[in-house]
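Remarks on the structure that follows.
Order of listing sets the numbers, starting from 1, for every ligand and every atom in it. These numbers come from a predicted model, not from an experiment.
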Amino acid sequence: MAAINPVTDLTLDGDVAVITLNSPPVNALSTAVRTGLFEAFTQAEADPAAKAIVLICDGRTFVAGADITEFGGVRTGATLQEVQALMEASPKPVVAAIHGTALGGGLELALCAHFRVAVPSARLGLPEVKLGLLPGAGGTQRLPRIVGAAKALEMTGFGEPAPAKDALAMGLVDELTEEGKLREGALAFARRAVAENRPLRKVREDDAKVIADRGKPEIFADFRKANARKFRGFLAPEYNIRCIEAAVALPFAEGIKEEGRLFAELMAGPQSAAQRFSFFAEREVAKIPDIPRETPTVAIKKVGILGAGTMGGGIAMNFANAGIPVTIVEVKQEALDRGLGVIRGNYERTASRGGLSAEQLATRTGLITGSLDIAALADADLVIEAVFERMDIKKEVFAKLDAVCKPGAILATNTSYLNIDEIAQATKRPEQVIGLHFFSPANVMRLVEIIRADKTSKSVVATALALAKQIGKVGVVVGVSPGFVGNRMLARRRAEAEALVLEGVMPWEVDRVLFDFGFPMGEFAMADLAGLDIGWNKETSKGSTLREVMCELGRFGQKTGGGFYDYDANRNATPSPVAEKAIREFVARSGVTPRKISDEEILDRLILPMIDEGAKILDEGKAIRSSDIDVIWVMGYGWPVYRGGPMYYADQLGLAAVADRMRTYEKSLGKRFAPSPLLERLAAEGKRFADLKS
Ligand code: 3HC
Ligand code: NAI
């Protein structure tokens, strides 16, 4: 016995048949894998020399799920369900040997083995919900039979995998083997099962846990209530819950039918299509056409940060979390103390909630040191500047960094809008200068825009990408333009939101439309959060903009208890009568007769200009592909992932329809709604933004 097909091997190790999968990168259940498994189990079960069967994987992981690239295509070869039936009905003990991740269909496959052994570093989970799906191969029916409904709701509802140790405690795994000795451990387990004549456990027949949960609707009601905010707008979490309800209420065979029905519905729907698109888009960002994967990168062993304000502190935490020492330089002792105090406070809060051990707390805070002397950054491999957003200050700081930092050190700026080509000119090493635009709160938000300036070297870009991954971020490479990609598009939305208010729409009406679309908060709630006084000057303020009007009333936003909204002590927002009166007076002064504007028009006017700006960005080559823009909006600005991203959304609407609607608004609202040349061209050619890739 040997190769069954190019990705499946069947060998005999003494009296145990060993089926080995080797289908890089993640042993996903492609047609070849499923067909290979079916054939291998058929042969192993028929072979009288084999007393037990071990299923194990080569490479970095056990089966990480169905092959997502095959979704939507024509199914050929054995189905996963046929393989599962064969395994479960095997008269010989079947042992799944798990390393890396057993995810989705991979875990569902393992749940049809009679036993599971794993190495301690393995993780097991059902992450389908993140793809807008539910486990469609019995996972929702078998999992609660092992772990009970409450745990199954969590595992399918959030999709986070459980570490092997927890899986052992839950009964999902029968035994842990020594790290690096999985094969030996699984073989020994299989032989013991034969020797002890252990009953072959079929999870589907184990009803004790689901019977115990029967007649307790509060398990589900509580879960729905506790997570209503998190699940808002998404279909898949609710469908996962319904499947677990079915597992508890119905016999296995009927529960499986319900699972299949709901799975098919999700699979055919727009949300899962968008979430699957997003999964691949997130992985595509690291592919830069002119920078091959093997481009040399610089090792970043020491990081310097300039400015211990809102951003500097959060950025520093990312590196300390990854074990990289950081020095923060400030101008004044007071600012440094405050910045370091905020960092410590953040870590202590996490520790008090059980998120960090005392030892981790000490290590992380110990990795961050402060200084008032820029010379302390002399040996840093990378310095990130996060001082005030002013070109003169940035240039001065970069000239100083250039003089102080060692040759080869990368000099990065966290600027939100400023021209990085100009900042780079303040140094004698423009090829080492790059933008690393983190999002606030920088220790939480996963997005980093990596801004490649005119002269930035390929190695510096490659290093930034690798570093982003190392600190758990998603880095998207973009070009220099005001506001780069995210803020540049946001500026269009913001301008239109204010235009709507000037035509008589109240800020909370604008915000409700964005909230209903799926954004976590609207434009004006966001402005209140950031502070309306950013860039406001009391001396020069003339009440000529909405913001000036608010600031002149002392309404700076959340921090003063009021801005466009009023805030209570818990920062809950309610529409403000004071703001409303001021806005109505402002609109009256400007001579506009307020009119009723439909939600549909509000949404169009907020979203279409963003799409159009995205088209300009693509046309100017400031983003590599439209899906990169989508990743930026989903990860940095709360665009609902079940709508893919603005460019994906436009592709679904059809670019001809987008351009048409813009032209209609152009007639009444003017030139700002004229579709950009790229949008016009694609619309005329019947193409999508996604087609630009090829
Ligand atoms: N199908 C197809 N390709 C997959 C895949 C899958 N299930 N999972 C990962 N890949 C691909 C990625 O696209 C990537 O390809 P690329 O190198 O060409 O960009 C490559 O494998 C490596 O992936 P990552 O970059 O994500 O590697 P990591 O090591 O960071 O992570 C992982 C590995 C944890 C397995 C992660 O890839 C992951 O979470 N994968 C998805 C797992 C999943 O969602 N499984 C459920 C699928 S749905 C299902 O099973 C339905 C069933 O219920 C019927
Ligand atoms: P901040 O005002 O909170 O902090 C700036 C800090 O820099 C202050 O503590 C100040 O004392 C210090 N500083 C000023 N000059 C310095 C110098 N020469 N050397 C050392 N330290 C100096 O500002 P924030 O919000 O952290 O912004 C910093 C940068 O990050 C800006 O360029 C901003 O545009 C950008 N940014 C801000 C975001 C936000 O949400 N706040 C988001 C993304 C980028």
**OP:** Could you tell me which atoms of ligand 2, counted from 1 in the order shown, lie closer than 4.0 angstrom to a heavy atom of Val329?
**Re:** 20 (C), 21 (N)
Subject >> Atom indices of ligand 2, in the order listed, that fall short of 4.0 Å to a heavy atom of Gly309 >> reply: 3 (O), 4 (O), 6 (C), 9 (O), 26 (O)
**OP:** Write down the atom of Thr327, the atom of Ser371, and the distance for their closest heavy-atom approach.
**Re:** CG2-CB, 4.4 Å
**OP:** Report, in ascending order of atom number, the atoms of ligand 1 lying under 4.0 Å from any heavy atom of Pro135.
**Re:** 53 (O)
**OP:** Taking only heavy atoms of Val397 into account, list the atoms of ligand 2 that are under 4.0 Å away from them.
**Re:** 18 (N)
Original post:
Would you say atom 2 (O) of ligand 2 has a protein heavy atom nearer than 4.0 Å?
Top reply: yes
Original post:
Under 4.0 Å from any heavy atom of Val26, which atoms of ligand 1 are there?
Top reply: 4 (C), 5 (C), 8 (N), 9 (C), 10 (N), 21 (O)
**OP:** Work out which heavy atom in Ala623 is nearest to a heavy atom in Val485; give both atom names and the distance.
**Re:** CB-CG2, 4.3 Å
**OP:** Write out the residue and atom name of the closest protein heavy atom to atom 2 (C) of ligand 1, then the distance separating them to 0.1 Å.
**Re:** Asp67 OD1, 3.3 Å
Original post:
Would you say ligand 2 has an N or O under 3.5 Å from any N or O of Arg338?
Top reply: no
Original post:
Just checking, any donor-acceptor pair under 3.5 angstrom between side chains of Arg488 and Ser481?
Top reply: yes
**OP:** State whether the side chain of Tyr637 and the backbone N or O of Asn487 hold a donor-acceptor pair below 3.5 Å, judged by distance alone.
**Re:** yes
Original post:
Do ligand 2 and Thr415 have nitrogen or oxygen atoms that lie under 3.5 Å from each other?
Top reply: no
Original post:
How does Ile374 reach ligand 2, by side chain, by backbone, by both or by neither, if only non-hydrogen atoms under 4.0 Å count?
Top reply: neither
Subject >> Any donor-acceptor N or O pair under 3.5 Å, side chains Glu259, Thr140 >> reply: yes
Original post:
Quick one: does ligand 1 sit under 4.0 Å from the side chain of Arg60, the backbone, both or neither, non-hydrogen atoms only?
Top reply: side chain
Original post:
Between the side chains of Glu265 and Tyr239, does any donor sit under 3.5 Å from an acceptor?
Top reply: yes
**OP:** Under 4.0 Å from a heavy atom of Gly104: give me the atoms of ligand 1 that qualify, with their elements.
**Re:** 46 (C), 50 (O)
Original post:
Hey, which atoms in ligand 2 end up nearer than 4.0 Å to a heavy atom of Ser416?
Top reply: 33 (C), 34 (O), 35 (C), 36 (N), 37 (C), 43 (C), 44 (C)
Original post:
Counting from 1, what ligand 1 atoms have a heavy atom of Gly65 closer than 4.0 Å?
Top reply: 45 (N), 50 (O)
Original post:
Any idea which part of Tyr417 is under 4.0 Å from ligand 2, heavy-atom wise: side chain, backbone, both or neither?
Top reply: neither
Original post:
Are any of the heavy atoms in His437 under 4.0 Å away from ligand 2?
Top reply: yes
**OP:** Could you pull out, from Gln81, Lys287, Glu284, the option with a heavy atom nearest to atom 16 (P) of ligand 1?
**Re:** Lys287
Subject >> Atoms of ligand 1 close to Glu108 [distance to a heavy atom under 4.0 angstrom, numbered from 1] >> reply: 52 (C), 53 (O), 54 (C)
**OP:** Under 4.0 Å from a heavy atom of Ser440: give me the atoms of ligand 2 that qualify, with their elements.
**Re:** 40 (O)
Original post:
Taking the minimum heavy-atom distance to atom 27 (O) of ligand 2, which of Met311, Lys332, Lys400, Glu330 ranks first?
Top reply: Met311
Subject >> Any N or O of Glu385 closer than 3.5 Å to N or O of ligand 2 >> reply: no
**OP:** Identify, by atom number and element, the atoms of ligand 1 in contact range of Leu131, meaning under 4.0 Å from any of its heavy atoms.
**Re:** 44 (O), 47 (C), 48 (S)
Subject >> Phe484/Tyr417 aromatic ring centres below 6.0 Å >> reply: no
Subject >> Test item: Lys151 and Leu172 side chains (from C-beta on) under 4.5 Å apart, heavy atoms >> reply: no
Original post:
After noting the C-alpha distance and the side-chain angles of Val478 and Ile450, does the key distance pass the side-chain contact (heavy atoms from CB on, under 4.5 Å) rule?
Top reply: CA-CA 6 Å; Val478 302; Ile450 297 175; over 6 Å; no
Original post:
Do Ser30 and Glu70 have a side chain donor and acceptor closer than 3.5 Å?
Top reply: no
Original post:
For Lys394, is the nearest heavy atom under 4.0 Å from an atom of ligand 2?
Top reply: yes
**OP:** Please report which non-hydrogen protein atom sits nearest to atom 39 (O) of ligand 1, along with the residue it belongs to and the distance in Å to one decimal place.
**Re:** Leu103 CD1, 3.9 Å
Subject >> For atom 14 (C) of ligand 1, the protein heavy atom that lies nearest, with its residue and separation >> reply: Arg283 CD, 4.2 Å
Subject >> Nearest-option assignment for atom 35 (C) of ligand 1, heavy atoms, candidates Ala64, Pro127, Ala66, Gly105 >> reply: Ala64
